[in-house]
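Heads up: the structure comes next, in structure tokens.
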Amino acid sequence: MHEEQTESLTHDHVFGQDDRRAGERRMLIVIVITAVTMLAEIVAGMAFGSMALLADGLHMASHASALAISAYAYFYTRRHAADSRFNFGTGKVNSLAAFASAVMLVCFTLLMAWESVARLVSPVTISFNQAIFVVVIGLVVNLACLVVLGGHGHSHEEDDVGHGTHDHGEPGHSAYHEDLHDEEHGRHTDLNLFSAYIHVLADAMTSILAIVALLAGKYWGQNWLDPFMGLVGAALVVHWALGLLRSSSHVLLDMRIPEAKQAEIRTALEENGDNVVEDLHVWSIGPGIFAAEAVIRSATFRESSFFAARIPQELGVVHTTIEVRKKDEEL
């Protein structure tokens with residue numbers, strides 16, 4: 001009995017967060033592409049006296065900064081995965097980086113909207129050929145980065161979740177293949193990778209809008225479309241950023257996963273008919289992994305590990321705290 005108690009006190013809470021994710025490698029590739037393009041545009045802008053090239057180079061620098069935050073989050077998560085100061089491991093660092101990245105994206109977008117309004121009120125002369133050339137370069141770079149990051153902005157690799165032996169489920173399950181927006185199922189994939197994807201996608205979308213506006217201005221004299229498209233792009237980017245803020249804040253604030261997913265866990269715990277789940281809390285502790293707490297009334301007393309083993313592995317519950325009471329036991 002003493003040995004079992006000792007084991008329960010020494011299990012780890014790493015849950016595979018010390019493993020290098022495929023998203024981290026893709027992120028580093030995108031940072032290199034962005035940084036090289038940024039330096040090339042800044043050097044060319046200074047050498048040829050092109051403000052358009054210089055401005056786009058500085059714009060690339062802002063995205064490189066946001067991507068650097070995401071890359072550092074991966075490094076920090078791995079390095080501190082076994083740090084006992086983190087109650088449930090470092091999985092939420094992923095969401096924290098995504099939240100910070102989304103805030104930066106909103107700030108950049110508000111600046112873009114402000115500049116667009118200013119240009120609607122006080123139009124400026126546009127060097128169409130030079131501007132189109134710069135925007136096309138930026139679009140090509142962004143499209144290349146989107147391909148590297150992945151078509152849906154989330155990882156498809158299997159993560160073997162490592163953990164201790166005390167009510168932590170079984171190793172080897174894959175809880176990382178769900179869509180980021182599948183919130184009705186309570187899933188959250190790599191929000192950090194998704195935040196990088198949104199940054200690049202937003203830049204690509206604004207580049208497309210800018211090309212349309214610049215061509216209309218060059219050939220049909222519709223110069224007002226340039227700042228107007230800036231506002232359209234800003235509205236679209238803010239919409240994406242708010243969605244990312246909502247998803248990441250749900251994880252950071254330990255909000256419960258949707259009732260439909262909790263119902264699956266409740267059903268599994270009550271399967272044999274003589275158990276009643278009196279209280280149940282399930283929340284995300286990292287990309288695709290969850291913790292659960294439950295109070296169960298049972299006609300026949302059983303160890304908590306018995307009930308933990310009933311939760312299907314594919315639900316991604318890697319840490320459980322279960323209190324079992326006999327049905328006739330007083331509160």
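Position 1 is the first residue of the sequence, and the numbers go up from there. This structure is a prediction, so every number in the text was calculated from the model and none was measured.
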Heavy-atom closest pair, residues [X] and [Y]:
X: Asp203; Y: Thr206; result: O-OG1, 2.8 Å
X: Val135; Y: Ser207; result: CG1-O, 3.3 Å
X: Phe108; Y: Ser62; result: CZ-CB, 3.6 Å
X: Met27; Y: Ser70; result: CE-CB, 3.4 Å
X: Ala213; Y: Leu225; result: CB-O, 3.4 Å
X: Met60; Y: Gly138; result: CE-CA, 4.1 Å

| request: Could you please spell out the steps behind the side-chain contact (heavy atoms from CB on, under 4.5 Å) verdict for Ile265 and Val317? | output: CA-CA 9 Å; Ile265 297 174; Val317 178; 3.9 Å; yes
Are [X] and [Y] joined in one hydrophobic group, where the rule is that I, L, V, M, F, W and Y side chains link up if heavy atoms are under 4.5 Å apart?
X: Phe88; Y: Val93; result: no
X: Leu96; Y: Tyr76; result: no
X: Leu244; Y: Phe99; result: no
X: Ile42; Y: Val140; result: yes
X: Met255; Y: Ile257; result: no

| field | Lys261 with Glu259: basic N within carboxylate O range, under 4.0 Å | value | no
Rounded to the nearest 0.5 Å, what separation is found between the [atom1] atom of [X] and the [atom2] atom of [Y]?
X: Ser95; Y: Asn192; atom1: OG; atom2: CG; value: 8.5 Å
X: Met229; Y: Trp224; atom1: CE; atom2: CH2; value: 7.5 Å
X: Ile31; Y: Met38; atom1: CD1; atom2: CE; value: 11.0 Å
X: Leu215; Y: Asp226; atom1: CG; atom2: CG; value: 11.0 Å
X: Arg79; Y: Tyr72; atom1: CZ; atom2: OH; value: 7.0 Å
X: Ile296; Y: Arg325; atom1: CD1; atom2: CZ; value: 11.0 Å

Can you tell me if [X] has over 12 outside heavy atoms packed within less than 6.0 Å of its [atom1]?
X: Glu303; atom1: CD; result: no
X: Arg302; atom1: CZ; result: yes
X: Phe86; atom1: CZ; result: yes

Beyond-backbone contact of [X] with [Y], side-chain heavy atoms, under 4.5 angstrom:
X: Val200; Y: His63; value: no
X: Ser247; Y: Leu191; value: yes
X: Arg26; Y: Leu193; value: yes
X: Tyr197; Y: His199; value: no
X: Thr34; Y: Asn142; value: no
X: Ile285; Y: Val318; value: yes
X: Gln262; Y: His281; value: no
X: Gln17; Y: Ile289; value: yes

Examine distances only and state if a side-chain atom of [X] and a backbone atom of [Y] form a donor-acceptor pair shorter than 3.5 Å.
X: Glu314; Y: Pro312; answer: no
X: Ser116; Y: Met112; answer: yes
X: Glu293; Y: Ile322; answer: no
X: Ser195; Y: Ala98; answer: no

| query | Is the closest side-chain donor-acceptor distance between Asp190 and Tyr74 under 3.5 Å? | reply | yes
| said: Asn275 vs Arg297, test: side-chain contact (heavy atoms from CB on, under 4.5 Å). Steps then yes/no. | reply: CA-CA 6 Å; Asn275 306 317; Arg297 287 278 186 179; over 6 Å; no
| field | Stepwise side-chain contact (heavy atoms from CB on, under 4.5 Å) check, Ile33 with Val36 | value | CA-CA 5 Å; Ile33 294 173; Val36 169; over 6 Å; no
| request: Determine the sole option in Val141, Leu201, Val30 for which the side-chain contact (heavy atoms from CB on, under 4.5 Å) test with Leu146 is passed. | output: Leu201
| query | Should Arg25 and Arg20 be marked as a side-chain contact (heavy atoms from CB on, under 4.5 Å) after you check the CA-CA gap, both sets of side-chain angles, and the distance that decides it? | reply | CA-CA 8 Å; Arg25 293 189 292 270; Arg20 185 183 296 273; 4.0 Å; yes
